[in-house]
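Input: a single structure, listed below in structure tokens.
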Amino acid sequence: MPKRILTYWNLHRVSILLALVSLGLYYTFAYHLERTDFIKLISLFAALFFLCYKLIQFEKWNFKFLLGVGILCRLVFFIAEPNLSQDFYRFIWDGELVRHFVNPYLNIPNTLIDRPDLVISNAQELYEGMGSLSARHFSNYPPLNQLLFGLAALLGGKSVLGTTMALRGIIILADVGIFYFGRKLLKNLNQSPHLIFWYFLNPLIILELTGNLHFEGVMLFFFVWSLYLLSVQKWQWAAVLYACSISVKLVPLLFLPLFLKHFKFKKAIGFYIIIGIASVLLFAPFYSTEFITNYSKTIGLWFSNFEFNAGIYNGIKQIAIQFDAKPWELIKTYGKITPLLTIVTVLLFTFLRRNQNPAILISSMLWVLTVYYFTTATVHPWYVVFLVTLTIFTTYRFALVWSATIILSYFAYSLADFKENLWLLALEYSVVFAFLIYELIAYRNKT
């Protein structure tokens with residue numbers, strides 16, 4: 001056997017071993033980890049990130065092998081209950097309402113739980129599981145997301161585990177779709193298709209989406225598919241899929257102004273009209289006057305009431321406290337500034353960049369979202385999944401670094417009062433900012 005082939009075979013055997021170790025670590029993560037055990041959590045995550053890096057390094061051209069590894073790592077979680085997030089209880093609660101043709105936007109769980117005619121299966125378990133914060137607020141999940149919750153509840157057969165498995169199946173299929181269309185988009189952008197594995201094998205993506213059942217992956221499936229269709233000049237269908245992405249999570253709304261310069265004016269108007277019509281059709285089944293009021297109120301809370309893992313905001317907060325500022329007043333004031341700063345950022349990237357170029361358009365999206373996440377008061381780990389996706393289509397890699405360091409934010413869950421450790425927060429953001437500054441200097445003439 002030629003030496004070159006022998007070397008490759010030995011390397012492939014190492015890769016198989018690394019894949020098996022990864023499966024074992026994901027199994028431990030899924031079935032033998034309490035989120036209060038912070039040391040075990042970050043140790044497993046660090047090991048998985050290292051294994052992810054080595055697998056991509058050794059097998060980046062072996063697409064079938066890495067695709068299979070990524071799918072198997074997700075299937076490990078299939079019958080596991082999420083152990084790092086309790087959001088899935090609210091997903092199932094909303095899904096049960098939708099399954100019975102009850103509008104999930106019109107009542108909060110706190111009022112529904114006492115009704116004798118409540119149609120929700122396992123209502124008490126779901127109510128207690130979602131926690132008091134979720135139970136006292138209206139649902140903030142957009143309509144297509146709600147329809148998918150309803151489909152999962154229907155497939156789940158009145159079982160929490162069954163519905164959890166259905167939700168997980170939807171998310172895994174979406175990730176495979178991102179792999180398929182993301183690889184094609186990378187080729188159209190003249191970038192190496194192996195970069196898609198920094199999404200598909202990334203431990204943060206696997207743990208937060210498949211593991212914890214967050215639907216960012218479903219949003220990104222429609223989003224990446226839409227960008228791919230734009231790259232092959234099928235903008236009408238791209239607009240429909242972009243509307244679907246917005247109707248799973250609202251984040252892609254941020255990027256709509258960027259398309260003004262991507263298209264000529266008439267085509268841009270057509271693109272926006274199709275998105276608007278598709279969005280209205282998706283929202284129509286849930287429409288009511290109360291829906292608009294309740295939904296707007298709930299979305300507003302994210303800017304003015306909640307805070308978690310915020311870098312710049314926490315820095316400002318610590319300075320303000322020295323001057324006797326009241327934190328509950330600061331968050332409300334800061335929450336009014338953040339949307340204005342985001343709007344200004346979007347307008348600058350809309351009119352000052354050559355977004356006609358698809359690569360520059362995606363780069364503009366990356367920077368708009370980066371500014372928003374750096375300045376907002378709430379950055380949950382699964383939020384960074386969108387940045388990871390955008391960054392693989394650009395020359396920048398700081399979001400991959402953030403996907404590694406953001407696990408430090410889970411320290412808050414190891415304490416009964418969920419208090420954040422500001423030193424760990426500073427470490428997380430210092431590493432990200434340092435790497436970002438390095439890249440800005442190194443790639444200052446690139447998109």
Side-chain angles (χ1 to χ4, degrees), residues 25 29 33-50 52-53 83-86 131 133 202-205 207-208 211-212 214 302-335 337-338 341 369-388 391 396-440:
L25 293 179
F29 221 114
L33 174 70
E34 297 290 336
R35 71 179 185 179
T36 54
D37 192 345
F38 179 67
I39 299 301
K40 184 176 182 180
L41 188 156
I42 61 170
S43 298
L44 286 170
F45 187 84
L48 286 167
F49 219 95
F50 173 77
C52 166
Y53 169 75
N83 55 7
L84 296 181
S85 171
Q86 60 198 57
L133 181 62
N202 192 306
L204 182 73
I205 275 73
L207 294 170
E208 289 296 353
N212 293 328
H214 293 116
W302 292 101
F303 292 101
S304 60
N305 281 62
F306 302 142
E307 57 179 273
F308 180 78
N309 189 41
I312 292 176
Y313 167 74
N314 267 296
I316 293 173
K317 180 180 175 181
Q318 295 308 308
I319 294 171
I321 289 175
Q322 302 305 314
F323 295 93
D324 298 322
K326 298 178 175 60
W328 58 89
E329 292 179 353
L330 176 65
I331 183 64
K332 293 186 181 298
T333 303
Y334 190 86
I337 296 173
T338 302
L341 180 60
L369 194 60
T370 298
V371 170
Y372 173 64
Y373 283 161
F374 279 167
T375 57
T376 188
T378 304
V379 187
H380 290 296
W382 55 91
Y383 290 8
V384 178
V385 169
F386 206 150
L387 284 181
V388 170
T391 203
Y396 296 93
R397 299 291 176 259
F398 68 91
L400 299 181
V401 174
W402 201 359
S403 72
T405 62
I406 201 167
I407 197 69
L408 294 173
S409 67
Y410 270 111
F411 175 81
Y413 292 107
S414 67
L415 305 177
D417 58 357
F418 301 107
K419 186 177 181 180
E420 294 181 282
N421 184 306
L422 295 181
W423 289 108
L424 290 177
L425 191 68
L427 175 61
E428 173 194 338
Y429 278 92
S430 296
V431 173
V432 175
F433 286 150
F435 195 84
L436 175 57
I437 292 169
Y438 160 76
E439 288 200 305
L440 287 173

*Output all residues satisfying ring pair (Phe, Tyr, Trp, His ring centres under 6.0 Å) with Y438, sequence neighbours left out; order by chain, then residue number.*
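Residues passing ring pair (Phe, Tyr, Trp, His ring centres under 6.0 Å) with Y438: F435.
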*By ring pair (Phe, Tyr, Trp, His ring centres under 6.0 Å), which residues pair with F29, not counting sequence neighbours?*
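Testing F29 for ring pair (Phe, Tyr, Trp, His ring centres under 6.0 Å), a comparison that skips the adjacent residues, returns none.
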*According to the interplanar angle, ranging from 0 to 90°, do the rings of F308 and Y413 count as parallel (below 30°), tilted (30 to 60°) or perpendicular (above 60°)?*
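Aromatic pair F308/Y413 classed tilted.
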*Should the pair Y429 and F433 be assigned to parallel (<30°), tilted (30 to 60°) or perpendicular (>60°) ring geometry?*
tilted
Atom [atom1] in [X], atom [atom2] in [Y]: separation rounded to 0.5 Å?
{"X": "L207", "Y": "S85", "atom1": "CG", "atom2": "OG", "result": "12.0 Å"}
{"X": "F374", "Y": "L341", "atom1": "CZ", "atom2": "CG", "result": "12.5 Å"}
{"X": "W402", "Y": "L204", "atom1": "CH2", "atom2": "CG", "result": "11.0 Å"}
{"X": "T405", "Y": "L427", "atom1": "OG1", "atom2": "CG", "result": "7.5 Å"}
{"X": "I407", "Y": "L41", "atom1": "CD1", "atom2": "CG", "result": "4.5 Å"}
{"X": "L44", "Y": "I39", "atom1": "CG", "atom2": "CD1", "result": "11.5 Å"}

Which atoms form the tightest heavy-atom contact between [X] and [Y], and what is the distance?
{"X": "S409", "Y": "I406", "value": "OG-O, 2.7 Å"}
{"X": "V371", "Y": "T375", "value": "O-OG1, 2.7 Å"}
{"X": "E420", "Y": "A412", "value": "CG-CB, 4.1 Å"}
{"X": "P381", "Y": "E208", "value": "CB-OE2, 3.4 Å"}
{"X": "S403", "Y": "F45", "value": "O-CZ, 3.3 Å"}
{"X": "S430", "Y": "A426", "value": "OG-O, 2.6 Å"}

According to side chain to side chain contact (heavy atoms under 4.5 Å, CB included), who are the partners of [X], at least two apart in sequence or on a separate chain?
{"X": "S414", "result": "F38, F411"}
{"X": "N83", "result": "L33, N212"}
{"X": "A404", "result": "F49"}
{"X": "I316", "result": "I312, Y334"}

*Do H380 and H214 come within less than 4.5 Å of each other through their side chains, counting heavy atoms only?*
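They are not in contact (no side-chain heavy atoms under 4.5 Å apart), so the answer is no.
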*Is there a side-chain contact between N309 and L425, using heavy atoms and a 4.5 Å cut-off?*
yes
Test item: [X] side-chain N/O and [Y] main-chain N/O as donor-acceptor pair under 3.5 Å:
{"X": "Y313", "Y": "T378", "value": "no"}
{"X": "E439", "Y": "R397", "value": "yes"}
{"X": "T376", "Y": "Y372", "value": "no"}

*Assess whether atom CD of E34 is packed by more than 12 heavy atoms of other residues, nucleotides or ligands within 6.0 Å.*
no
*asked:* If you count heavy atoms of other groups shown closer than 6.0 angstrom to OH of Y410, is the number above 12?
replied: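 More than 12 heavy atoms, drawn from other residues, nucleotides or ligands, come within 6.0 Å of this atom.
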_Set of residues satisfying side chain to side chain donor-acceptor pair (under 3.5 Å) with respect to T391, sequence neighbours excluded_ = none
*Under the side chain to side chain donor-acceptor pair (under 3.5 Å) test, residues paired with Y373 that sit two or more places apart*: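 So Y373 forms no side chain to side chain donor-acceptor pair (under 3.5 Å) with any residue.
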